[in-house]
Amino acid sequence: MLRDRLRSLLDFALRISTQMYVAIGVLVSLTVAALAVSWLSFNSIEGTQDRVNEESLPRIVTAFRVTELSGQLVAAAPRLTVAATPQELDAVSAEIVETQDEFRGELELLEQQDIDAALFVAIRSRARQLESNIAQIEVEMPTSFALAVEIEALRVQLAEISQKLDDILLPALDEQLFYQMTGYRQIGEPPVPRERHFTEAQIIRYRHLLALQTDTAIATQLLSSAFSVSNAALIEPLQESFESVTDRIEISAAAIGLIAQRGYLVSVLTELFELGVGTDSGFALITRQLELGERQRELLAQNRVQAAELASGVQELISNAQSDADEATSASSDAIGTSRILLLVIAGISVVVGLSIILGFVSRVLLRRLNQLSNRMRRMADGDLEDEVVISGRDEVSEMADALEIFRRHALEVQRLNLVEKLAEELGEKNNQLEQVLDELHRAQDQIVMREKLAALGEVTAGVAHEIRNPLNFVKNFSEVSAELIEELEEVLEEAEGELTDEQRELIGDIAADLTENLERIRSHGDRANRIVHDMLTMSRETGEWRLADINGLLEEHTRLAFHSARAVDPDFQLNLEFELDPEVGELDVLPQDLGRVFINMVGNSCHATDEKRKRLASAGEEHSYMPTVRTSSRRTAESIEIKIRDNGDGIPPDVVDKIFNPFFTTKPTDQGTGLGLAITNDIVREHGGTIAVDTAPGEFTEMTITLPLQRAEASAEEQPEQEPDDEPEEEPSSEA
């Protein structure tokens, strides 16, 4: 009993799991000790970091933000002074208000932090002064705008006054000089004697006029110079000179006596004096504008000073916060150093214990036996299932070896079964491949048979059409000859008029009329059969040659040709043609003759459909509510050209749409259609590599869409030209038959 318990304890101690548990327990203990040291260190660092993050760093960030916003306010103030319009001023003011709100918010955040009260009061004072200066500039800017408007108005008024003075004084000077030299006062009057016109009084009058003109020019120039002065101190000398000139102007104006437009001159001089004298004169307005600009420049300079002082105070605040952060960083460094030493000691112990476990247990005991087991498993994976798996011991590795031995025995059985299944799968795959090859052979055989049938059909069609054409020609020729014979019979009857009774002549006339009518029907149906033969021959050979053709021109030409053909057959035929042709369609490599036939066939069908609907509505008394219309359009896409032919006829019934391209299928009367038109059209479009789509609504419309590729597909092999069938009859009947 005791021996069994000791043996079980020994087995338990020898197990790999027990040994691993012990090693892991030692390593876990060392890890817990390292975690405890790290935890204490991190708590100390975290407290320091919290102090930096919650106190020093927000203070620094807020201080930097205050400095940045104050700089933005200082930079925005000059934009107020240079605003050209009230709208621009309002836009700049809105930006400043937004910046001021953010600036005040940052100051409130700064006030809530633990900083020096005196330092914050100084920062707050400079900030308020900065905002006050900006507010004063904003208040004065409307006045600046008003002054600018008034000065500009004065500038315009001054130019008008100068022009008025020139219009008055220059003609007066010319008239006075002319009178003084010649004695003529007005054209058409005799000159006055020389002792009256060439006198000292007239010379003095001329001098006063000249002085008046010169002084007014000087006065206007003085006012114009004031507009370009940039210093208010220079305005006063200009104003004094202007007043002096006005005194001289008054003297000269009083001395010239009566002249033409004197009253108008006095009013103009009064306007000039008002521009330069008084509280609302040009000099006063310019002085106020210059003083306002100087005051704004002083406010901007004060803003820069206040911003610099504010930045200095904020810098001191940042320095204090930086000192607190440095102290916290130093404390964190001390805690980190202590923790580093403790962790190095624990790490050293862990390394020694780990190496002992690796070298003493893992490498010598565990890995060696696992390698043996792994090598045996690799050989089994390579297919070696014959050797038995044997590893000594009483631990987990030996248990794995026992399990692997059981697996080896089962694998031998499975290997035999897998071989059978593999052979079955390979056989099934071969059967599937054979079935696919057989299906492909069947499809290829069907295609070959279909091609042979089509080729044989083409040959038979050409032969039959050729053979039928000769009898048709005989029928046509003999019907014409018979018609001529009937005409000759009528002529003979007219010559033998007295030899026959009225009843005989009437009977012979009726028989001749019936024969003529029958011959006309024979010829009509012969022509129809000839058309069918011609269409069959057309289906069995190609026509024309490939070349570049203008698609829009081809479409428009053959559309109008189809219209005129229908018009020639029925004079009552009516149709409204509409064209929507894309100019980008251009040219395409086609068979123009064949493609033109496609357009004629389709437009002809549309003409027939619209005319039938017109006749139906006319019989019902509703003809005026309907206008036959055919619209042809073209459009170029990236890869093809789309051609649409749309009519507002009765449309196509749903049960007929799928049959319209079948040869000899037609909905027209037997004497109006052969049923080959759309079949030939479809063949021609497919020969060009295109398609035909049909969109119709019974009773409303039919739209045919032809799609032709921009690049036609090349023929897979050279096409051999077909021999034209001999259309001549084998024997020409005699006209004397």
Between Phe563 and Leu577, is a side chain to side chain contact (heavy atoms under 4.5 Å, CB included) present by the stated rule, with each step listed? CA-CA 9 Å; Phe563 165 73; Leu577 286 179; 4.1 Å; yes
Closest non-hydrogen atom pair, [X] against [Y]:
| X | Y | value |
| --- | --- | --- |
| Asn648 | Lys613 | O-NZ, 3.2 Å |
| Asn682 | Phe661 | CB-CD2, 3.7 Å |
| Thr691 | Val685 | N-CG1, 3.5 Å |
| Gly586 | Asp550 | O-OD1, 3.6 Å |
| Ser634 | Asn552 | OG-OD1, 2.8 Å |
| Cys607 | Leu575 | SG-CD2, 3.7 Å |

Between Phe599 and Leu595, is the side chain to side chain contact (heavy atoms under 4.5 Å, CB included) condition met? List the steps. CA-CA 7 Å; Phe599 298 152; Leu595 196 59; 3.8 Å; yes
Non-hydrogen side-chain atoms of [X] and [Y] separated by less than 4.5 Å:
| X | Y | value |
| --- | --- | --- |
| Met602 | Ile706 | yes |
| Asp594 | Glu687 | yes |
| Asp695 | Phe701 | yes |

Taking side-chain contact (heavy atoms from CB on, under 4.5 Å) as the criterion, tell me which of Thr632, Ile660, Val598 meets it with Met704.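 Of all the options given, the one that passes is Ile660.
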Given Leu678, which of Asp683, Asn605, Val694 fulfils the side-chain contact (heavy atoms from CB on, under 4.5 Å) condition?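 Filter result, single survivor: Asn605.
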Step by step, work out the side chain to side chain contact (heavy atoms under 4.5 Å, CB included) result for Glu703 and Ile645. CA-CA 6 Å; Glu703 183 177 80; Ile645 301 173; over 6 Å; no
Applying side chain to side chain contact (heavy atoms under 4.5 Å, CB included) to Arg635 and Ile641, what does each step give before you reach the verdict? CA-CA 6 Å; Arg635 184 173 69 93; Ile641 292 176; over 6 Å; no
Heavy-atom donor-acceptor pair, [X] side chain to [Y] backbone, under 3.5 Å:
| X | Y | answer |
| --- | --- | --- |
| Thr696 | Gly651 | no |
| Ser162 | Leu158 | no |
| Asp589 | Gln711 | no |
| Thr707 | Thr705 | no |
| His608 | Gly604 | no |
| Asp570 | Ala566 | no |
| His688 | Leu708 | no |

Which distance, rounded to the nearest 0.5 Å, do you find between the [atom1] of [X] and the [atom2] of [Y]?
| X | Y | atom1 | atom2 | answer |
| --- | --- | --- | --- | --- |
| Ile643 | Ser633 | CD1 | OG | 9.0 Å |
| Gln163 | Glu160 | CD | CD | 10.0 Å |
| Thr629 | Gln574 | OG1 | CD | 11.0 Å |
| Glu425 | Lys430 | CD | NZ | 13.5 Å |
| His558 | Gln593 | NE2 | CD | 8.5 Å |
| Tyr626 | Thr610 | OH | OG1 | 5.0 Å |

What I want to find out is whether [X] reaches [Y] closely enough, with some N-O distance under 4.0 Å, to be called a salt bridge.
| X | Y | result |
| --- | --- | --- |
| Asp611 | Arg614 | yes |
| Arg636 | Glu584 | no |
| Arg616 | Asp650 | yes |
| Arg560 | Glu556 | yes |

Return yes if a side-chain donor-acceptor contact under 3.5 Å exists between Asn432 and Gln436, otherwise no.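 Result is no, nothing qualifies.
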We want to know whether Asn601 and Thr681 form a side-chain donor-acceptor pair, criterion being a heavy-atom distance below 3.5 angstrom.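 Judged by distance alone, the side chains do pair up.
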Count the heavy atoms belonging to other residues, nucleotides or ligands that lie under 6.0 Å from CD of Glu639, then report whether that count exceeds 12.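 Atom CD in Glu639 is not packed in, count stays at 12 or less.
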